[in-house]
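I have placed the structure first, in the form of structure tokens, so that the comments after it can refer back to it.
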Amino acid sequence: MNETRVLFRQKCMERKVPIISQATEEFVKQILNSQKPDLCLEIGSAVWYSGIFMSETLAQRNGRLKSMEVSYAAYLDALSNRKTRNARNVSFFPFDILEVDLDKLFKKTFDFIFIDWHKRNYGNYMQKLERFIDNKTIIVLDDVIKYDFKLSWLYEYLEKKQISYKIHKIDADDGIMTINY
């Protein structure tokens with residue numbers, strides 16, 4: 001992890017801004033490096049800590065990141081953080097994914113989707129994103145062990161659609177779910 005990101009992580013921790021764990025960061029970075037997605041979507045960017053390493057990894061091969069954040073204050077922080085890192089391969093959207101017409105924002109399917117927002121809506125996010133997912137899309141959902149009690153609709157959705165998934169315990173008390181279509 002580079003020094004700038006280490007300082008940014010420390011600053012987020014001091015401000016009590018929720019960001020992804022280091023283990024999740026490394027896991028996502030491995031996927032990005034091995035699968036080499038071109039077009040990625042992040043749902044729940046907060047101040048854009050996770051988007052920084054994703055955009056840096058994607059920029060190495062001209063990949064692009066679209067990032068959505070519902071909190072306007074966090075969105076403004078994210079824009080500022082993008083500017084200081086000169087990330088030109090990123091588009092930000094200050095919208096709740098459930099309240100916006102995605103067809104007006106996106107025209108292609110995504111190769112990679114990272115979801116880390118309201119856990120109780122993970123199933124709704126998946127349903128809303130259906131037409132932007134194809135058989136090459138990799139989806140990562142964060143915090144699925146710690147917040148399992150909020151994910152009943154997600155599991156119902158996955159079962160109904162017969163979508164297979166895998167849960168990876170990557171932290172002492174938490175983990176992520178991966179879905180490969």
Side-chain angles (χ1 to χ4, degrees), residues 18-21 23-46 48-59 61-71 74-75 78 82 87 89-145 147 150-151 153-158 160-168 170 174-181:
I19 59 173
I20 64 172
S21 71
T24 299
E25 179 178 345
E26 289 304 315
F27 191 93
V28 169
K29 199 180 308 176
Q30 283 180 335
I31 291 173
L32 296 175
N33 284 325
S34 66
Q35 301 298 316
K36 302 187 183 336
D38 292 319
L39 184 59
C40 301
L41 175 64
E42 175 186 36
I43 305 294
S45 62
W48 200 54
Y49 178 85
S50 54
I52 290 171
F53 78 83
M54 285 194 278
S55 70
E56 290 170 352
T57 303
L58 293 167
R61 59 180 180 288
N62 296 319
R64 293 171 293 138
L65 175 65
K66 300 197 181 280
S67 189
M68 299 183 82
E69 174 57 47
V70 71
S71 163
Y75 164 77
R82 179 186 76 171
N89 62 332
V90 179
S91 301
F92 279 107
F93 302 96
F95 305 120
D96 182 336
I97 184 174
L98 299 177
E99 296 178 7
V100 68
D101 182 356
L102 294 182
D103 290 320
K104 291 182 179 180
L105 296 178
F106 309 135
K107 303 298 179 208
K108 297 180 178 182
T109 58
F110 291 97
D111 304 310
F112 177 82
I113 298 172
F114 180 71
I115 303 176
D116 187 15
W117 189 232
H118 289 132
K119 307 328 179 211
R120 70 181 175 279
N121 281 321
Y122 277 10
N124 294 323
Y125 300 152
M126 293 291 297
Q127 188 172 23
K128 182 94 179 205
L129 290 167
E130 281 179 347
R131 63 185 166 279
F132 301 100
I133 296 170
D134 66 19
N135 64 351
K136 294 178 266 177
T137 304
I138 299 165
I139 301 170
V140 173
L141 298 99
D142 199 14
D143 302 319
V144 297
I145 295 174
Y147 296 105
K150 294 183 177 188
L151 302 176
W153 167 231
L154 171 65
Y155 289 112
E156 287 176 32
Y157 172 83
L158 295 172
K160 178 182 172 187
K161 296 288 186 170
Q162 298 180 346
I163 298 170
S164 60
Y165 60 89
K166 185 172 183 183
I167 295 178
H168 309 265
I170 58 173
D174 207 359
I176 61 171
M177 176 186 290
T178 55
I179 301 170
N180 295 51
Y181 281 81

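Each residue takes its place number in the sequence, starting with 1. No hydrogens, no waters, no symmetry mates; every other heavy atom, side chains included, goes into these values. These numbers come from a predicted model, not from an experiment.
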Under 3.5 Å, is there a donor-acceptor pair between the E25 and S50 side chains? no
Closest non-hydrogen atoms of E42 and G51, given as atom of the first, atom of the second and distance, are OE2-N, 3.5 Å
Nearest 0.5 angstrom please: S55 OG to R64 CZ, how far? 13.5 Å
Assess the residue pair F114 and I43 against the criterion (side chain to side chain contact (heavy atoms under 4.5 Å, CB included)); give the C-alpha distance rounded to whole Å, side-chain angles, the decisive distance to 0.1 Å, and a yes or no. CA-CA 6 Å; F114 180 71; I43 305 294; over 6 Å; no
Measure the shortest side-chain to side-chain distance between F93 and E69 over non-hydrogen atoms and say whether it is less than 4.5 angstrom. no
Parallel, tilted or perpendicular: which describes the rings of F27 and H168, with under 30° parallel and over 60° perpendicular? tilted
So do L129 and I115 actually touch side chain to side chain, heavy atoms under 4.5 Å? yes
Could you please spell out the steps behind the side chain to side chain contact (heavy atoms under 4.5 Å, CB included) verdict for C40 and L32? CA-CA 10 Å; C40 301; L32 296 175; 4.2 Å; yes
Between W48 and F92, does a ring pair (Phe, Tyr, Trp, His ring centres under 6.0 Å) hold up when you go through it step by step? CA-CA 10 Å; W48 200 54; F92 279 107; 5.3 Å; yes
Distance in Å, L65 CG paired with S91 OG, rounded so as to fall on 0.5 Å steps: 8.0 Å
Just by distance, do the side chain of D111 and the backbone of L39 share a donor-acceptor pair under 3.5 Å? yes
Report, as yes or no, whether the 6.0 Å neighbourhood of atom NZ on K104 holds more than 12 heavy atoms from other residues, nucleotides or ligands. no
Pairwise distance CG(L58) to NZ(K36) - rounded to 0.5 angstrom: 11.0 Å
Which heavy-atom pair separates Y147 from K119 by the least distance, and what is that distance? CB-CG, 3.7 Å
Test side chain to side chain contact (heavy atoms under 4.5 Å, CB included) on M54 and F112; report intermediate values, then the result. CA-CA 11 Å; M54 285 194 278; F112 177 82; 3.9 Å; yes
Plane angle bin for W153 and Y157 - parallel if under 30°, tilted between 30 and 60°, otherwise perpendicular: perpendicular
Contact between M177 and L154 at the side-chain level, heavy atoms closer than 4.5 Å - yes or no? yes
Rounded to the nearest 0.5 Å, what's the gap from OG1 on T24 to CG on D143? Could you check? 7.0 Å
Here the gap from I97 atom CD1 to N121 atom CG, rounded to the nearest 0.5 Å, amounts to 10.0 Å
For residues I138 and I113, determine if any side-chain heavy atom of one lies less than 4.5 Å from a side-chain heavy atom of the other. no
At their closest point, which heavy atom of D116 faces which heavy atom of Y122, and how far apart are they? CA-OH, 3.5 Å
Side chains of Y165 and Y155 in contact at under 4.5 Å (non-hydrogen atoms): yes
For residues I139 and M126, determine if any side-chain heavy atom of one lies less than 4.5 Å from a side-chain heavy atom of the other. yes
Taking every heavy atom of P18 against every heavy atom of A46, the minimum-distance pair comes out as O-CB, 4.1 Å
Mind jotting down which residue pairs meet the salt bridge (charged side-chain N to carboxylate O under 4.0 Å, His left out) criterion with at least one end in residues 128-138? Sequence neighbours excluded, please. D103-R131, E130-K161
Set out, in order, the CA-CA distance, both residues' side-chain angles and the distance that settles side chain to side chain contact (heavy atoms under 4.5 Å, CB included) for D142 and I20, then state yes or no. CA-CA 8 Å; D142 199 14; I20 64 172; 3.6 Å; yes
Restricting to non-hydrogen atoms, name the atom on V144 and the atom on I176 that form the minimum distance, rounded to 0.1 Å. CG2-C, 3.5 Å
Hey, does I179 have a side-chain heavy atom less than 4.5 Å from the side chain of L141? yes
Are any of the side-chain heavy atoms of F95 and L105 separated by less than 4.5 Å? yes
